[in-house]
S.K.: 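Mind having a look at this structure? Questions to follow.
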Amino acid sequence: MATASRAITLASNTMTASCFLPKTPFVLKQRALGFSGGRRLSKRLLFTCNAIYKPQVQIKEEGQPETLDYRVFFLNDSSKKISPWHDIPLQLGNGVFNFIVEIPKESSAKMEIATDEPYTPIKQDTKKGKLRYYPYNINWNYGLLPQTWEDPSFANSEVEGAFGDNDPVDVVEIGDKRRNIGEVLKVKPLAALAMIDEGELDWKIVAISLDDPKSSLVNDVDDVDKHFPGTLTAIRDWFRDYKIPDGKPANKFGLGNKAANKDYALKIITETNESWAKLVKRTIPAGELSLF
């Protein structure tokens with residue numbers, strides 16, 4: 001099996017705890033969500049594990065791309081495997097979060113975190129033993145927020161009572177640059193779309209990388225409309241329609257079919273981070289999900 005590895009730097013400029021999941025219990029540490037415009041966004045807290053922050057992350061590719069055995073593993077600076085879902089910290093402070101790229105913009109291979117495999121590597125999704133591809137390229141960088149989880153036992157009363165899809169929260173990064181699989185970016189959330197996929201709630205957080213030239217211009221949903229005109233509609237329509245060529249119905253969206261603002265996006269991140277904390281504490285059954 002051919003393998004390759006390359007190093008990337010985990011985007012952070014602050015000391016942040018990361019979460020390594022041993023078989024023994026651990027204690028969760030609380031961190032405040034932060035403030036916006038002089039007021040507290042929420043009394044609810046983000047959670048992260050009390051562990052040593054690892055500033056350097058490597059990725060190691062095993063197998064060949066676009067094959068069933070292809071995996072992208074994440075390694076710490078001791079070359080030990082870690083989980084990008086559980087071990088990379090969610091928050092970096094001041095409203096900035098880590099975002100892990102699964103699918104680079106202008107590509108169609110449906111890559112995703114393997115939530116049921118040890119160390120949750122990135123792999124290409126399959127259906128009936130065949131690799132999955134979108135019917136056309138996705139136009140933005142796409143991936144996940146680590147240390148989040150959409151609880152399938154929780155019915156969201158604000159979104160038609162839909163239950164979580166049992167995955168980390170998805171991110172659509174609207175910056176100009178095409179990123180790489182496994183790249184970890186600092187992003188700031190700007191909006192949220194409540195997609196309902198076959199009855200399951202599948203949040204899409206719209207965000208932008210801090211190193212994008214337009215990052216300083218956009219801080220909320222209205223700024224996206226101003227500086228990226230048509231983008232929110234294009235994202236919604238893309239995710240609404242991408243299953244239609246396969247003969248499936250269009251996906252739906254809650255919240256009036258509109259993008260919610262930054263404060264709402266931060267609320268979703270907080271809630272799903274709390275759900276993840278319960279999951280890794282094993283106060284919620286994990287089922288087939290890997291917790292390391």
S.K.: How close do I82 and P84 get, heavy atom to heavy atom, and via which atoms?
M.R.: O-CD, 3.6 Å

S.K.: Check P189 against G95 and note the closest heavy-atom contact, atom names and distance.
M.R.: CD-O, 3.6 Å

S.K.: Is there a path of hydrophobic side-chain contacts, each under 4.5 Å between heavy atoms of I/L/V/M/F/W/Y residues, joining L217 to V187?
M.R.: no

S.K.: Mind checking the CG-NZ spacing from L210 to K188? Nearest 0.5 Å is all I need.
M.R.: 6.5 Å

S.K.: Do any N or O atoms from the side chain of K105 and from the backbone of G175 form a donor-acceptor pair under 3.5 angstrom?
M.R.: yes

S.K.: Does atom NZ of K252 have more than 12 heavy-atom neighbours, drawn from other residues, nucleotides or ligands, at distances under 6.0 Å?
M.R.: no

S.K.: Using side-chain hydrogen bond (donor to acceptor under 3.5 Å, both in side chains) as the criterion, list what pairs up with Y133, not counting sequence neighbours.
M.R.: E66

S.K.: Is the shortest heavy-atom distance from the side chain of W203 to the side chain of N156 under 4.5 Å?
M.R.: yes

S.K.: Check for a donor-acceptor pair, side chain of N76 on one end and backbone N or O of S78 on the other, with a separation under 3.5 Å.
M.R.: yes

S.K.: Does any N or O in the side chain of T270 come within less than 3.5 Å of the main-chain N or O of L266, such that one atom is a donor and the other an acceptor?
M.R.: yes

S.K.: Can you list, by chain and residue number, the hydrophobic cluster partners of I244 when the side-chain cut-off is 4.5 Å?
M.R.: none

S.K.: If you apply the rule side-chain contact (heavy atoms from CB on, under 4.5 Å), what do you find for V172 with L193, and how did you get there?
M.R.: CA-CA 10 Å; V172 182; L193 286 161; over 6 Å; no

S.K.: Quiz question: by atom type and distance under 3.5 Å, do the side chains of T120 and S83 form a donor-acceptor pair?
M.R.: yes

S.K.: With a 4.0 Å cut-off on N to O distance, would you call D237 and R240 a salt bridge?
M.R.: yes

S.K.: Could you work out, with salt bridge (Lys or Arg N to Asp or Glu O under 4.0 Å) as the rule, every residue matching E112, not counting sequence neighbours?
M.R.: K110

S.K.: Is any side-chain heavy atom of E62 closer than 4.5 Å to a side-chain heavy atom of P121?
M.R.: no

S.K.: Checking side-chain contact (heavy atoms from CB on, under 4.5 Å) against Q147, which of T272, N273, I269 comes through?
M.R.: N273

S.K.: Relative to each other, are the rings of Y242 and F239 parallel, tilted or perpendicular (30° and 60° limits)?
M.R.: perpendicular

S.K.: Is there side-chain contact between D176 and K214, with heavy atoms separated by less than 4.5 Å?
M.R.: no

S.K.: Taking all atoms of both residues into account, what is the closest heavy-atom pair of I88 and P146, and its distance?
M.R.: O-CB, 3.3 Å

S.K.: Less than 6.0 Å separating the ring centroids of Y119 and F292?
M.R.: yes

S.K.: Without swapping roles, check the side chain of R236 against the backbone of A259 for a donor-acceptor pair under 3.5 Å.
M.R.: no

S.K.: State, yes or no, whether a side-chain contact exists between E117 and F73 at a heavy-atom distance under 4.5 Å.
M.R.: no

S.K.: Do you know the tightest heavy-atom contact between A260 and L255?
M.R.: CB-CD1, 4.0 Å

S.K.: Return the set of residues passing salt bridge (Lys or Arg N to Asp or Glu O under 4.0 Å) with D202 (not counting sequence neighbours), or none when no residue passes.
M.R.: K204

S.K.: The test is side-chain contact (heavy atoms from CB on, under 4.5 Å); show your working for L232 and V221 and say whether it passes.
M.R.: CA-CA 9 Å; L232 291 172; V221 64; 3.5 Å; yes

S.K.: Please determine whether a side-chain nitrogen of the Lys or Arg among K278 and D151 lies less than 4.0 Å from a carboxylate oxygen of the Asp or Glu.
M.R.: no

S.K.: Please check this pair: side chain of N261 against backbone of Y264, looking for a donor-acceptor N/O pair closer than 3.5 Å.
M.R.: yes

S.K.: Can you find a heavy atom in the side chain of L291 that is under 4.5 Å from one in the side chain of L279?
M.R.: yes

S.K.: Side chains of D222 and D220: does their closest heavy-atom pair fall under 4.5 Å?
M.R.: no

S.K.: With the 4.5 Å side-chain cut-off for hydrophobic clustering, are W238 and I208 part of the same group?
M.R.: yes

S.K.: Just to verify, which of E271, H86, E150 counts as forming a side-chain hydrogen bond (donor to acceptor under 3.5 Å, both in side chains) with W276?
M.R.: H86

S.K.: Going through the distances and angles, do I113 and L144 end up as a side-chain contact (heavy atoms from CB on, under 4.5 Å)?
M.R.: CA-CA 8 Å; I113 290 287; L144 74 142; 3.4 Å; yes

S.K.: Taking only residues two or more places apart in sequence, or in another chain, which ones meet S216 in a side-chain hydrogen bond (donor to acceptor under 3.5 Å, both in side chains)?
M.R.: none

S.K.: Indicate yes or no: at least one non-hydrogen side-chain atom of N180 is less than 4.5 angstrom from one of P104.
M.R.: no

S.K.: Just do the side-chain contact (heavy atoms from CB on, under 4.5 Å) check on K262 and L190 with the steps written out, would you?
M.R.: CA-CA 5 Å; K262 177 181 179 176; L190 304 170; 5.6 Å; no

S.K.: Ignoring hydrogens and angles, tell me if any N or O in the side chain of Q64 forms a donor-acceptor pair with the backbone of Y70 under 3.5 Å.
M.R.: no

S.K.: Where the side chain of N137 meets the backbone of E106, is there a donor-acceptor pair that is under 3.5 Å apart?
M.R.: yes

S.K.: Suppose we screen for salt bridge (Lys or Arg N to Asp or Glu O under 4.0 Å). Which residues come up paired with R178, at least two apart in sequence or across chains?
M.R.: none

S.K.: Tell me, do W149 and N166 make a side-chain contact under 4.5 Å, heavy atoms counted?
M.R.: yes

